[in-house]
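As structure tokens, the structure follows; a few thoughts come after it.
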Amino acid sequence: MNRIPTHVAIIMDGNGRWAKARLLPRGEGHRQGMNRMIDLADHAFAVGVKVLTVYALSTENLSRPKEELDGLFSLFRKYFKQNVRRLLDKGIRVRIIGDVSALPQDIRALIAESEAESEGNTAGCINIALNYGARQEIVRAVNRAVASGRPVTAESLSALLYTGGQPDPDLIIRTGKEKRISNFLLYQAAYAELYFSDVMFPDFSDAEFDKALADFAGRKRRFGKTDEQVEKEEEKQ
Ligand code: IPE
Ligand code: IPE
Ligand code: MG
């Protein structure tokens with residue numbers, strides 16, 4: 001049986017504390033975190049993950065001090081031009097989830113370019129969550145449903161989310177010690193397995209990721225059914 005999760009989502013937390021512990025500016029933590037994200041994506045796709053969703057900036061993070069946000073935007077600029085390209089060249093599709101309308105115009109242009117260029121890529125998909133909030137995503141989907149005039153079903157609402165058309169996350173990892181969801185994929189996470197790591201994201205190595213995968217492989221997912229029902233279904237496969 002294939003125990004590699006199809007869709008892994010990561011709350012990449014702990015950049016600031018990683019920097020603080022080293023007496024470095026927070027921005028250095030974000031830079032190291034971004035480097036780690038690109039390398040970790042390479043690794044995740046190499047081991048067979050098909051969809052990787054990374055939480056890079058939440059809606060709520062937009063209220064951080066201007067200096068920190070400007071630093072993050074500079075990093076996004078640089079990374080979309082250089083590092084994200086590495087993923088594109090490997091046949092990975094890039095999708096941005098979140099409200100990009102609040103981002104600087106030049107970053108929106110870079111995002112649109114990466115998305116358009118990688119549209120036909122099929123080796124894997126990376127969803128980069130930027131100015132993303134799950135409540136805002138659900139409200140947007142509901143408003144679209146209301147505008148269509150048709151009642152929604154669980155499936156049709158799911159299709160209206162930023163992740164529409166993609167499988168729900170099988171595994172959600174949060175680094176950086178906190179044990180909370182922080183407005184991430186609330187609808188999609190209904191049956192995700194959760195994994196919390198004390199490691200700050202810049203130190204979340206490929207080996208730490210593999211530990212999360214091994215933990216996932218040992219979980220029993222029941223989706224509300226009994227063990228006996230699940231075992232019968234597994235026998236049939
Ligand atoms: C996560 O790291 C990255 C972003 C939210 C942009 P933090 O910046 O939240 O790092 P900590 O939690 O302060 O350590
Ligand atoms: C969640 O981290 C958002 C990202 C990792 C992008 P936060 O640092 O914003 O979460 P809280 O504020 O500790 O809940
Ligand atoms: Mg944090």
Side-chain angles (χ1 to χ4, degrees), residues 7-16 26-27 29-42 44-45 51-88 92-119 121 124-141 144 160-166 169 172-176 180-189 201-202 204:
H7 182 172
V8 179
I10 312 184
I11 302 173
M12 308 184 293
D13 195 23
N15 294 347
R26 292 181 64 85
H30 291 315
R31 198 180 67 81
Q32 296 283 350
M34 214 90 89
N35 283 337
R36 187 77 282 270
M37 177 191 104
I38 300 286
D39 289 344
L40 192 58
D42 259 347
F45 293 123
V51 182
L52 182 71
T53 301
V54 291
Y55 205 4
L57 190 74
S58 74
T59 307
E60 292 74 22
N61 291 149
L62 273 200
S63 347
R64 288 200 179 179
K66 187 177 180 304
E67 192 196 330
E68 178 163 350
L69 282 177
D70 285 346
L72 277 166
F73 290 149
S74 297
L75 279 173
F76 294 151
R77 278 186 191 97
K78 187 167 156 249
Y79 278 74
F80 271 103
K81 281 184 198 145
Q82 298 169 10
N83 312 50
V84 173
R85 170 137 308 281
R86 246 176 55 202
L87 297 176
L88 257 63
I92 303 297
R93 182 173 178 183
V94 177
R95 214 160 138 169
I96 305 304
I97 62 169
D99 178 14
V100 295
S101 73
L103 302 178
Q105 181 51 46
D106 64 319
I107 295 183
R108 287 164 65 185
L110 288 170
I111 287 171
E113 210 177 287
S114 306
E115 286 188 323
E117 201 183 314
S118 67
E119 213 180 329
N121 287 359
C125 180
I126 183 165
N127 296 319
I128 306 179
L130 283 181
N131 191 22
Y132 173 87
R135 284 187 168 171
Q136 293 82 348
E137 175 186 41
I138 293 167
V139 167
R140 172 181 172 271
R144 290 186 168 203
L160 291 169
L161 300 174
Y162 288 121
T163 50
Q166 295 181 337
I172 298 181
I173 298 171
R174 182 175 186 136
T175 67
R180 53 175 170 257
I181 292 293
S182 301
N183 206 11
F184 190 48
L185 304 179
L186 295 179
Y187 191 91
Q188 300 89 328
F201 188 72
F204 194 73

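Computed from heavy atoms alone, side chains included, the values below leave out hydrogens, waters and symmetry copies. On a predicted model such as this, the values are computed, not experimentally measured, just so you know.
Considering only residues two or more places apart in sequence or on other chains, Y55 meets the ring-ring contact (aromatic ring centres under 6.0 Å, His included) condition with Y132, F184.
Contact annotation: the side chain of F76 never approaches that of L110 to less than 4.5 Å [non-hydrogen atoms, C-beta and beyond]. Side-chain contact check for Q188 versus L161: some heavy-atom pair is nearer than 4.5 Å. Between L87 and I126, the closest side-chain pair of non-hydrogen atoms falls below 4.5 Å. In this structure the side chain of N35 reaches within 4.5 angstrom of the side chain of Y79, judged on heavy atoms. When side chains are defined from C-beta on, D70 does not count as touching E67, because their heavy atoms never get closer than 4.5 Å. Counting heavy atoms from C-beta outward, N83 and M37 have side chains that stay 4.5 Å or more apart. Put simply, the side chain of Q32 does not reach to within 4.5 Å of the side chain of N15, judged on heavy atoms. Residues V84 and L88 form a side-chain contact, since some pair of their non-hydrogen atoms from C-beta on lies under 4.5 Å apart.
Heavy-atom minimum distance, D99 versus N131: O-ND2, 2.8 Å. Contact between L185 and A9 at its shortest, heavy atoms only, is CD1-CB, 3.6 Å. Summarising the geometry of H7 relative to T53, their closest heavy-atom pair is NE2-OG1, 2.7 Å, with the distance given to 0.1 Å. Taking each heavy atom of R26 and G16 in turn, the nearest pair found is NH1-CA, 3.6 Å. Considering every non-hydrogen atom in both V51 and Q166, the closest pair reads CG1-OE1, 4.0 Å. Closest of all the heavy-atom pairs between G133 and T59 is N-OG1, 3.0 Å.
The closest side-chain donor-acceptor pair between Q136 and N183 falls under 3.5 angstrom. Checked by atom type, the side-chain pair N127/Y162 shows no donor-acceptor distance below 3.5 Å. A side-chain donor-acceptor contact under 3.5 Å links S182 and R174.
Considering CG of D39 and CE of M34, their distance stands at 13.0 Å, rounded to 0.5 Å. A distance of 11.0 Å separates CD1 in I10 from CD1 in I172, rounded to the nearest 0.5 Å. Considering OG1 of T163 and CD of E137, their distance stands at 5.0 Å, rounded to 0.5 Å. With values rounded to the nearest 0.5 angstrom, I128 atom CD1 is found 9.0 Å from E115 atom CD. Interatomic distance, CZ of R95 versus CD1 of I111, reported as 14.0 Å (0.5 Å rounding). To the nearest 0.5 Å, atoms CG (L130) and CD1 (I97) are separated by 9.0 Å.
Of the residues listed (K78, R77, K81), the one engaging D106 in a salt bridge (Lys or Arg N to Asp or Glu O under 4.0 Å) is R77, and it is the only one.
For S118 (side chain) and R93 (main-chain N/O), no donor-acceptor pair under 3.5 Å exists by modelled atom type. Side-chain N or O atoms of S58 include one that pairs as donor or acceptor with a backbone N or O of N61 at under 3.5 Å.
Other residues, nucleotides and ligands contribute over 12 non-hydrogen atoms within 6.0 Å of the CZ atom of R86.
Note: F204 and F201 have parallel aromatic rings, judged against thresholds of 30 and 60 degrees for the angle between ring planes.
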